[in-house]
Amino acid sequence: MTAVVEAVNLRKVYMLGKVPVEALRGVNLKVEEGEFLSVLGPSGSGKSTLLNLIGALDRPTSGKVLIDGADISTFNEDRLTDLRRKIGFVFQFFNLIPRFTALENVELPMAIAGLGKEERRKRAVKLLETVGLADRINHKPAELSGGEQQRVAIARALANDPRFLLMDEPTGNIDSKNASEIIELVERLNEEKGVTIIMVTHDQRLAKETHRTVHMLDGLIVDERVNKP
Amino acid sequence: MKPTDVWSYALSAIKLRKLRAALTTLGVVIGIAAIVALLSITQGLQTAIATQLQRGFATDALIVTAGGGLGADTGFSLLVNDTETISQVGNVTTALAIIQRVGYIKNAEGKARRVTIVGVDFKAYKAIYGSTFIAEDGADIPSKPENTAVIVGKRVSDPWGNGTRFCSKSDTVEVIWTNTTARPLRNESYTGMVVAVLQEVGGFSLGGPSDTSIYIPITQAQSFFRTDKCEIIIVKLKSDDKATIESTAKTIRSLFGGQVAVTSAAAVLSIISSVFSTMGLFLAGIAAISLLVAGIGIMNIMIVSLMERTREIGILKALGMKNRTVLLIFLTEAAIIGLMGAIIGVGTGYGLAELVVRIFANGGFGGGLRQGGQVAAANVVRITPVLTPTVFLGAIAFGLVVSLIFALYPAWRASRLKPVEALRYE
Ligand SMILES: Nc1ncnc2c1ncn2[C@@H]1O[C@H](COP(=O)(O)OP(=O)(O)O)[C@@H](O)[C@H]1O
Ligand SMILES: [Mg+2]
């Protein structure tokens, strides 16, 4: 069985002026189909950098990212863009378009992919129902709570039927009650729909809810633990 | 992304900052309006003058005046019977002498008006200026008039244009001339009879009938002014093609040893016409600079918008939007503003032109152009602004293109943003 995502000796060096910053120093990771993986680590350990490389938002300095076995570092800009449509990203700060309603925000990735109006509207409504926001579809982000905004973002990430979900501290900006609701939703997506999920967090308790946790420190994976089968 | 989705996305971005978009649009409106106003006024002026000229000028006529070089007074004068020599030149059908003096006409009530007294052969004059040397009541202009016959221009008969006649057909009038060669100066006069009032000519005329002149038979003019000299000889040609005009003009010039100037009405027409179009283009060029200023405004707004929306662009790219779609969205935003500004600008510009023309019609241009010289006489020129399809479409295209050009750089920068960096942007 090939991994959905595989990182091979992944390195990323940022230039901070003339000073090189080694954000990743040789990361190896494999994520199987249907897995729910959590990435734990202190701030600055390179979690977001890893997620951005896997999500085709950035290119590694060296090493490989394989998605369904294909080395994406050989992809040109257009193919990377196409790939991004098949990856669902959920950010810490939601990153919704403020002037759009919840519905329009969920429709956006489908519009970008060239889907027709009727079809994407129907699908967006269904997705918002899935995340429990059926009665909030015409609200703008400013009219929604943090937890609700993150649900919209999750619905948006699911819009184009992604190969896997990448979540960068999805609960980092919401209170703990809403946070556990979000995690329940994500678990349900993973269990019921078999969505592969990689979630960055620095909350130990949330990490324990996932199948497997990798620990990062200073740009390296230093520990790995299976929580439940 | 579908074109309709690109369009509505761009529109939603514009709607977000309505006041800003309105002000940016206003810049384009002002630039386009200035261009359209200037072009349609000059175009209208050109059309008005050209049609008036064509009526007052005969395009198959040459005008011969004394004096070969620029301002060189050689003492040479044309004689009335030089027409006989000129008639012999090939391609010439008629040659007609004109004697002109400034004088007065006094009506039965003893009131006098200043006029240009023009001595011509009525029959030949009618042959050359068949469309303007016509009586207002349609009656014939006598070909063999009495010596006392006087034909008056429309503005002489009806000076105020309201039907209050200074003199009418069949009236007895006194023709007065101040003899400036006599010492002391003295007024000389004779009693004439108005045999016809000309229909209104309007505009300019070069040698042709004018609304502010009176016409007397050439023989009468010769004896009244006691002269054999004439100011102008008008030559009617068999054809008005350029080659005929040029070769005949040359022959006539050499006939008088280069001491005469030969002007063709067609040449004057084309010069005046080209002067106006050059002037129009020049003014529109100045107006175009204001549109460039509007373009810089667009660029400025787009750069501000680009910075405000950096994060948004990052989101779009993370969701899989292509660079060229981002470019297209920004260009569409500029196109919407440019198109809107240009359409409103064309309307405003034309309205402005109408307004300006109306203001000037109440005593603007008329005064300036009324300086009738010895040869050319001018009346009020009526102008209607002309918005040609070329100017209409050109102005809209220009507004659009300027907006797009200035949006190109910000749009390109937006399209080149790296998703990760754009998402990190605060
Ligand atoms: N664009 C960048 N330019 C320079 N340094 C960066 C950039 N992105 C991340 N870094 C640095 O790389 C390291 C890892 O960052 P990040 O992956 O965001 O950590 P985490 O998400 O675990 O907090 C940090 O030291 C951070 O300052
Ligand atoms: Mg991070």
Side-chain angles (χ1 to χ4, degrees), chain A residues 12 14 23 48-60 76-101 104-117 119-121 140-141 153 156-160 162 166 168, chain B residues 1-22 301 304-333 336 411-426:
Chain A
K12 180 72 187 180
Y14 291 112
S48 294
T49 304
L50 176 63
L51 226 53
N52 290 339
L53 291 179
I54 293 171
L57 293 184
D58 207 354
R59 290 175 187 275
N76 64 16
E77 200 55 39
D78 257 11
R79 277 190 77 186
L80 279 184
T81 307
D82 281 334
L83 182 67
R84 280 178 210 141
R85 295 180 184 174
K86 299 308 282 176
I87 298 171
F89 236 112
V90 176
F91 305 93
Q92 181 180 352
F93 297 101
F94 324 129
N95 279 339
L96 300 171
I97 309 281
R99 64 175 177 276
F100 286 174
T101 62
E104 289 165 337
N105 266 290
V106 179
E107 277 187 58
L108 186 56
M110 296 185 266
I112 289 172
L115 222 67
K117 188 129 192 116
E119 212 180 334
R120 66 182 193 236
R121 178 133 301 182
K140 292 194 172 163
R156 181 181 68 182
L158 294 169
N160 283 330
L166 299 175
D168 196 350
Chain B
M1 205 162 174
K2 290 196 164 74
T4 51
D5 290 329
V6 170
W7 174 266
S8 52
Y9 192 95
L11 210 57
S12 80
I14 289 177
K15 278 190 195 146
L16 192 66
R17 298 264 185 266
K18 283 198 192 74
L19 181 63
R20 185 196 289 175
I301 290 304
V304 170
S305 167
L306 165 79
M307 303 214 272
E308 278 181 357
R309 286 156 68 194
T310 298
R311 205 178 171 84
E312 178 186 321
I313 294 160
I315 297 168
L316 294 175
K317 292 198 151 189
L319 295 177
M321 185 178 280
K322 296 234 149 85
N323 287 358
R324 54 176 174 275
T325 311
V326 175
L327 185 86
L328 207 58
I329 283 173
F330 271 72
L331 290 183
T332 304
E333 284 174 31
I336 290 172
W412 176 79
R413 258 186 47 184
S415 78
R416 294 297 304 270
L417 282 175
K418 293 217 164 69
V420 176
E421 279 161 30
L423 283 169
R424 280 169 62 99
Y425 190 88
E426 290 306 319

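Keep in mind that the numbers below use all heavy atoms, side chains included, and drop hydrogens, waters and symmetry copies. Here is how names work: the chains are called A, B, and so on, in the same order as the sequence lines, proteins then strands, and each is numbered from 1.
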(request) Apply ring-ring contact (aromatic ring centres under 6.0 Å, His included) to B:F330 and list each qualifying residue two or more places apart in sequence or on a separate chain. (result) none
(request) Can you tell which part of B:K418 gets under 4.5 Å to a heavy atom of chain A, answering side chain, backbone, both or neither? (result) neither
(message) What residues of residues 105-112 of chain A make heavy-atom contacts with chain B at a cutoff under 4.5 angstrom?
(response) A:L108, A:P109, A:A111, A:I112
(request) Rounded to the nearest 0.5 Å, what's the gap from CD on B:E421 to CG on A:N52? Could you check? (result) 11.0 Å
Let me check something: any side-chain donor-acceptor pairs from residues 89-97 of chain A under 3.5 Å, sequence neighbours excluded? List them with distances.
residue, atom, partner, partner atom, Å
A:N95, OD1, B:R311, NE, 3.0
A:N95, OD1, B:R311, NH2, 3.0

(message) Let's test your reading of the structure: which of B:N323, B:T325, B:L316 forms the most heavy-atom pairs below 4.5 Å with chain A?
(response) B:L316
(request) Without swapping roles, check the side chain of B:K322 against the backbone of A:D82 for a donor-acceptor pair under 3.5 Å. (result) no
(request) Kindly give the heavy-atom pair with the smallest separation between B:T310 and B:A422, and that separation in Å. (result) O-CB, 3.4 Å
(request) Against chain B, work out which of A:R99, A:R85, A:R84 has the most heavy-atom pairs shorter than 4.5 Å and name it. (result) A:R99
(request) Please report the shortest heavy-atom distance between B:K18 and B:K15, naming the atom on each side. (result) CG-O, 3.2 Å
(message) Under 4.5 Å from any heavy atom of chain B, what part of A:L83 do you find: side chain, backbone, both or neither?
(response) neither
(request) Locate the shortest heavy-atom distance separating A:P60 from A:K12; write the atom from each residue and the value. (result) CA-CD, 4.2 Å
(request) Quick one: list whatever passes salt bridge (charged side-chain N to carboxylate O under 4.0 Å, His left out) with B:E308, sequence neighbours left out. (result) B:R17, B:R20
(request) Check A:L57 against B:P419 and note the closest heavy-atom contact, atom names and distance. (result) O-CG, 3.5 Å
(request) Sort A:R59 into side chain, backbone, both or neither according to what part of it lies under 4.5 angstrom from a heavy atom of chain B. (result) neither
(request) Could you look at A:E77 and say if it's the side chain, the backbone, both or neither that has a heavy atom under 4.5 Å from chain B? (result) side chain
